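In what follows, a single structure is set out as structure tokens and then discussed.
All ligand and atom numbering here is 1-based and tracks the order in the structure. Remember, predicted model here, so these are calculated numbers, not experimental data. No hydrogens, no waters, no symmetry mates; every other heavy atom, side chains included, goes into these values.
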Amino acid sequence: MGKPTGFMEQGREYLHKRPVEERVKDWKEYVLPFEPSHLKDQAARCMDCGIPFCHQGCPLGNIIPDWNDLVYRDRWREAIERLHATNNFPEFTGRLCPAPCENSCTLGMDVYKSAVNIKAIEVSIIDHAFQEGWVKPMPPAKLTGKKVAVVGSGPAGLAAAQQLARVGHKVTVFERADRIGGLLRYGIPEFKMEKRHIDRRMKQMEAEGVEFKVNANIGHNVPIDDLKKNFDAIVLCGGATQARNLPVPGRDLKGIHFAMEYLPQSNKVQEGDKIENQITAKDKHVIVIGGGDTGADCIGTAHRQGAKSVTSLEVLPKPPAERAADNPWPQWARILRVAGAHEEGGEILYSVSTKEFTGENGVVKKLKGVKIEWVPQPGGPPKMQEIAGSEFELPADLVLLAMGFLGPEKNPLFEKLGIELDQRSNVKGDSNKMTNVPGVFVAGDMTRGQSLIVWAIAEGRAAARGVDLWLMGETTLPSPL
Ligand SMILES: Cc1cc2nc3c(=O)[nH]c(=O)nc-3n(C[C@H](O)[C@H](O)[C@H](O)COP(=O)(O)OP(=O)(O)OC[C@H]3O[C@@H](n4cnc5c(N)ncnc54)[C@H](O)[C@@H]3O)c2cc1C
Ligand code: SF4
């Protein structure tokens with residue numbers, strides 16, 4: 001432990017962000033780097049707990065107290081080695097993770113927001129390492145002669161590919177989109193994570209022997225038989241992007257889109273692409289239905305595109321500011337989480353439900369909704385009930401549906417290979433991440449359902465271990481799962 005009294009002397013310092021009026025005028029990241037001296041004080045708060053509950057929170061098993069201590073002692077090079085030992089891409093998680101580690105940090109036992117600033121320390125370690133030129137390709141000492149196909153280039157696919165290439169397999173990543181990165185590239189907006197971070201990792205991975213093939217939609221324009229013929233193992237990392245619909249009257253009006261029809265176009269424009277008839281929020285009354293990361297990303301994007309108003313609708317009640325009595329530490333805190341996009345304007349309406357959309361000339365103009373309450377039920381979950389007389393209308397020129405995802409998109413390759421799905425239509429994998437088809441593995445959202453980047457990386461690492469073991473009969477690769 002760096003400083004035994006650190007946590008008593010120093011409170012948690014919050015992330016520094018660019019002022020709202022400045023940041024909504026551009027697409028650059030809005031979180032600013034921490035001052036190194038302040039970071040040292042924050043790292044000193046870690047108590048190196050006998051039972052580090054932060055470990056319990058982190059799906060990757062990051063050895064958090066170790067790198068907190070190393071940052072406190074200015075031993076940054078060792079800190080990045082310790083961090084990279086469990087996480088291939090700390091620059092992604094350090095920017096984007098909701099930090100379940102902080103959620104379970106012992107310092108947050110009484111007041112959730114007192115936890116050690118683990119995420120800021122993580123991103124500072126990796127940014128510092130890149131600046132110093134310490135992050136270098138790690139090509140294998142020798143090749144195994146085995147070939148592995150990874151389908152999908154989100155964080156799960158990238159993590160699996162990097163791990164497998166480093167132990168000597170020839171890895172090819174197939175991606176149906178025109179750029180690599182999955183939801184990191186085309187879901188998450190530039191203002192949360194600039195895409196240069198993905199490009200930099202791709203260069204490293206190419207130097208380690210990974211080959212990337214874009215516009216390669218396996219099961220569609222590239223037959224799965226080609227992969228079976230040419231590769232010794234296949235890892236399916238296709239994500240879970242089947243969006244939940246809102247089948248109410250007026251849903252077919254123009255101007256109502258799934259979030260993942262809207263966000264990728266905006267991200268492509270940031271990459272310099274031209275989009276014909278781009279869906280944009282400019283000068284429009286925008287309604288975002290559904291909260292979570294996807295909803296927040298729609299809100300932030302709409303602000304930057306110059307929306308006239310942005311209203312977000314949430315079916316659940318407003319969460320409390322601190323943990324409720326039935327939600328004690330170290331459980332995941334069901335509290336109000338204010339994303340950067342929420343600070344930038346707009347309004348959130350809680351406990352409301354959408355009844356209907358109305359329009360003119362086939363284009364949406366209004367949303368009709370009603371307030372609801374959640375009525376407790378004996379022995380079951382509360383039931384949603386409309387409040388009589390609480391109907392309301394909102395102007396709506398652009399409606400974005402961000403109500404979650406229902407699992408992987410249907411793909412003929414499942415049937416062709418005879419892949420078993422679970423009850424939620426995710427691809428089933430065993431403890432080594434192998435599907436019911438020998439040599440075909442699965443990782444990330446495709447097997448968990450829509451989840452988090454940190455879980456996708458953990459899944460990718462676990463699948464890489466499973467593949468290596470299956471191909472070689474033994475493995476040195478670690479699995480966090
Ligand atoms: C808008 C949005 C914002 C989010 N924000 C956050 C956040 O801030 N923090 C966080 O932790 N999580 C966030 N998430 C969740 C997170 O992005 C996902 O959990 C994570 O990306 C899953 O990784 P993955 O590799 O399993 O799948 P994905 O990232 O979905 O990647 C799957 C890839 O597979 C490709 N693919 C699919 N089928 C095929 C095929 N047949 N052939 C070739 N390629 C194929 C897809 O094109 C895609 O590129 C967000 C999700 C969304 C939708
Ligand atoms: S739980 Fe918090 S204080 Fe304890 S070791 Fe982990 S980061 Fe440090």
Provide the number and element of each atom of ligand 1 under 4.0 Å from a heavy atom of [X].
X      : answer
Asn217 : 40 (C), 41 (N), 42 (N)
Leu183 : 17 (O), 18 (C), 21 (O), 28 (P), 29 (O), 30 (O), 51 (C), 53 (C)
Phe174 : 43 (C), 44 (N)
Ala216 : 42 (N), 43 (C)
Leu452 : 10 (C), 11 (O), 12 (N), 19 (O)
Thr294 : 1 (C), 2 (C), 52 (C), 53 (C)
Val151 : 40 (C), 42 (N), 43 (C)

Under 3.5 Å: donor-acceptor pair, side chain of [X], backbone of [Y]:
X      : Y      : value
Lys195 : Leu184 : yes
Asp232 : Lys147 : yes
Lys17  : Leu15  : no

Quiz item: How about Phe92 and His197: are their ring centroids closer than 6.0 Å?
Solution: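 Ring centres of His197 and Phe92 not closer than 6.0 Å.
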
Checking the N or O distance criterion of under 3.5 Å, is ligand 1 in contact with [X]?
X      : result
Ser451 : yes
Ala456 : no
Gly444 : no
Cys97  : no

Count the heavy atoms belonging to other residues, nucleotides or ligands that lie under 6.0 Å from [atom1] of [X], then report whether that count exceeds 12.
X      : atom1 : result
Glu415 : CD    : no
Lys268 : NZ    : yes
Lys318 : NZ    : no
Leu32  : CG    : yes

Quiz item: Looking at Cys49, which atoms of ligand 2 are within less than 4.0 Å of one of its heavy atoms?
Solution: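 What qualifies from ligand 2 is 1 (S), 3 (S), 4 (Fe), 5 (S).
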
Quiz item: Just which atoms of ligand 2 are under 4.0 Å from any heavy atom in Thr106?
Solution: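 The list of qualifying atoms is 1 (S), 2 (Fe), 4 (Fe).
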
Any side-chain donor-acceptor pair under 3.5 Å between [X] and [Y]?
X      : Y      : answer
Glu122 : Thr93  : yes
Asn426 : Thr447 : no
Glu409 : Thr241 : yes
Arg176 : Asn215 : no
Gln270 : Glu194 : no
Gln278 : Tyr262 : no
Arg461 : Asn88  : yes

Practice problem: Give the single entry among Ile218, Val454, Val222 that approaches atom 42 (N) of ligand 1 most closely by any heavy atom. | Solution: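 Among Ile218, Val454, Val222, the closest heavy atom to atom 42 (N) of ligand 1 comes from Ile218.
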
Exercise. Look at atom 32 (C) of ligand 1 and find which of Gly295, Cys237, Gly460, Gly182 reaches it with the closest heavy atom.
Key: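 Minimum heavy-atom distance to atom 32 (C) of ligand 1 goes to Cys237.
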
Self-check item: Parallel, tilted or perpendicular, as decided by the 30° and 60° cut-offs, for the rings of Phe231 and Phe174
Solution: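 The arrangement is perpendicular - the two ring planes meet at more than 60°.
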
Quiz item: Should the ring pair Phe441 and Trp470 be called parallel, tilted or perpendicular, given that the plane angle runs from 0 to 90° and is split at 30 and 60?
Solution: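 Ring orientation, 0 to 90° scale: perpendicular.
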
Considering non-hydrogen atoms of the protein only, which is the closest contact for [atom], and what is the distance?
atom                    : answer
atom 3 (S) of ligand 2  : Met47 N, 3.4 Å
atom 1 (C) of ligand 1  : Leu263 CD1, 3.5 Å
atom 10 (C) of ligand 1 : Ile453 CD1, 3.5 Å
atom 51 (C) of ligand 1 : Gln450 OE1, 3.4 Å
atom 9 (N) of ligand 1  : Leu96 O, 2.8 Å
atom 2 (Fe) of ligand 2 : Cys105 SG, 2.4 Å
atom 49 (O) of ligand 1 : Glu175 OE1, 2.6 Å
atom 34 (O) of ligand 1 : Gly152 CA, 3.2 Å
atom 26 (O) of ligand 1 : Asp445 N, 2.8 Å
atom 27 (O) of ligand 1 : Gly239 CA, 3.5 Å
atom 6 (Fe) of ligand 2 : Cys54 SG, 2.3 Å

Side chain, backbone, both or neither: which part of [X] comes within less than 4.0 Å of ligand 1 when only heavy atoms are counted?
X      : result
Ala259 : neither
Lys192 : side chain
Asn411 : side chain
Phe405 : side chain
Ile188 : side chain

Self-check item: N, O or S atom of Cys46 closer to atom 8 (Fe) of ligand 2 than 2.8 Å
Solution: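 Looking at Cys46, which is the residue asked about, there is an N, O or S atom under 2.8 Å from atom 8 (Fe) of ligand 2.
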
Quiz item: At under 4.0 Å between heavy atoms, which part of Pro65 makes contact with ligand 2: side chain, backbone, both or neither?
Solution: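 Near ligand 2, Pro65 shows its side chain, while the N, CA, C and O stay back.
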
Practice problem: With rounding to the nearest 0.5 Å, note down the distance linking CD1 in Ile218 to CD in Glu175. | Solution: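 Reported to 0.5 Å precision, the distance equals 10.0 Å.
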
Exercise. Examine Arg23 relative to Tyr30 and say whether NZ or CZ is less than 6.0 Å from the centre of the six-membered ring and inside a 45° cone about the ring axis.
Key: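 Satisfied, under 6.0 Å and within 45°.
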
